[in-house]
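Written out below as structure tokens is the structure these notes cover.
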Amino acid sequence: MKIATWNINGVRARIENLRTWLDQASPDVVCLQELKSEEAAFPADALEGSGYNLAIHGQKGFNGVAILSKRPLEDVTVGLPGDKDDTQARYVEAAVSTDTGVVRVASIYLPNGNPVDSDKFPYKLAWMDRLIAHARKLLALEEPLVLAGDYNVIPTPMDAKHPEKWENDALFQPESRARLRELEALGLTDAVRTGYPGEDIYTFWDYQGGAWQKNNGIRIDHLLLSAQATDRLVGVGIDKDVRAWEKPSDHVPVWVELAD
DNA sequence: ATGACAGTTCGTAACTGA
């Protein structure tokens, strides 16, 4: 079972890239972020025709997340629990039915948090605290669980080509990194890093300054796996070539393969 | 160096993102 995450930076602008990649990669489940689309405008027909079921948390203009799945989606949660006043569309979760039971998947678009001296940074940290609290509840279910998405956190200096340039950025603040570690300490594994120990691997390259050509990237798209999911982990990958396509997203698809 | 991006919006400039 192949489960991928991809910040596509506009689902309507990227629909042809998305369809091409789905045909090539043939993932069973895809977590999308930054739809920049409300649900009514989401190009559902183009994906349902390819056999995908959808769970969408849309928002006009910004944010927006979705889960695509070849198998039925059940027990859908729209929005991250813990703050009724939070209207930003950054979280959708669902249980994917398989022949061997349920795999629970969440598509996460964690707040960017820049600039650090604005109210966006405390919003990011509070959102991470809510994610930690919710993850604790999900882990108590003792299911295969995959929390996938754009975390907007650079975990370690190894995860940036030029870590010193990110020292004042919300993505690399000690508070952001500490919360990511706290999340992992609950019993979640950063699956992609386990597949490339010690290697320079990135998932985002800025559109500006020739970042892609210089491989000036950062690793901020992650799949965190519960022990029950990690037990079944048989492969991981980063579909880097997608960044070189025409009209690319600034992020690329990242995936895990779980044994059936 | 008057710059170097991209998507979206009651738009043609302003915003958000990372």
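The chains referred to below are lettered A, B, ... by the order of the sequence lines, with proteins before strands, and numbering in each begins at 1.
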Practice task
Report, as a single string ordered 5' to 3', how protein heavy atoms within less than 4.0 Å touch nucleotides 8-18 of chain B: B base, S sugar-phosphate only, - not at all.
Solution key: SSS-----SSB

Report the residues that fulfil side-chain contact (heavy atoms from CB on, under 4.5 Å) with [X], sequence neighbours left out, ordered by chain and then residue number.
X: A/Thr100; answer: A/Thr98, A/Arg232
X: A/Ala106; answer: A/Tyr91, A/Glu93, A/Ile108, A/Leu147
X: A/Pro248; answer: A/Arg243
X: A/Asn9; answer: A/Asn7, A/Arg14, A/Glu34, A/Lys36, A/Tyr207, A/Ser249, A/Asp250

Rounding to an integer number of angstrom, what distance separates [N] and [M] when you compare their [atom1] atoms?
N: B/dA6; M: B/dG11; atom1: P; result: 24 Å
N: B/dC10; M: B/dT16; atom1: P; result: 14 Å
N: B/dT12; M: B/dA1; atom1: C1'; result: 26 Å
N: B/dT2; M: B/dG17; atom1: P; result: 29 Å
N: B/dG3; M: B/dT8; atom1: P; result: 25 Å

Problem - Results of salt bridge (Lys or Arg N to Asp or Glu O under 4.0 Å) for A/Glu38 - residues two or more places apart only - result: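 For A/Glu38 the salt bridge (Lys or Arg N to Asp or Glu O under 4.0 Å) partners, ignoring immediate neighbours, are A/Lys60.
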
Practice task
Kindly confirm or rule out a cation-pi arrangement of A/Arg219 over A/Phe204, judged by NZ or CZ under 6.0 Å from the six-membered ring centre and within 45° of its axis?
Solution key: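 No, A/Arg219 and A/Phe204 do not form such a contact.
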
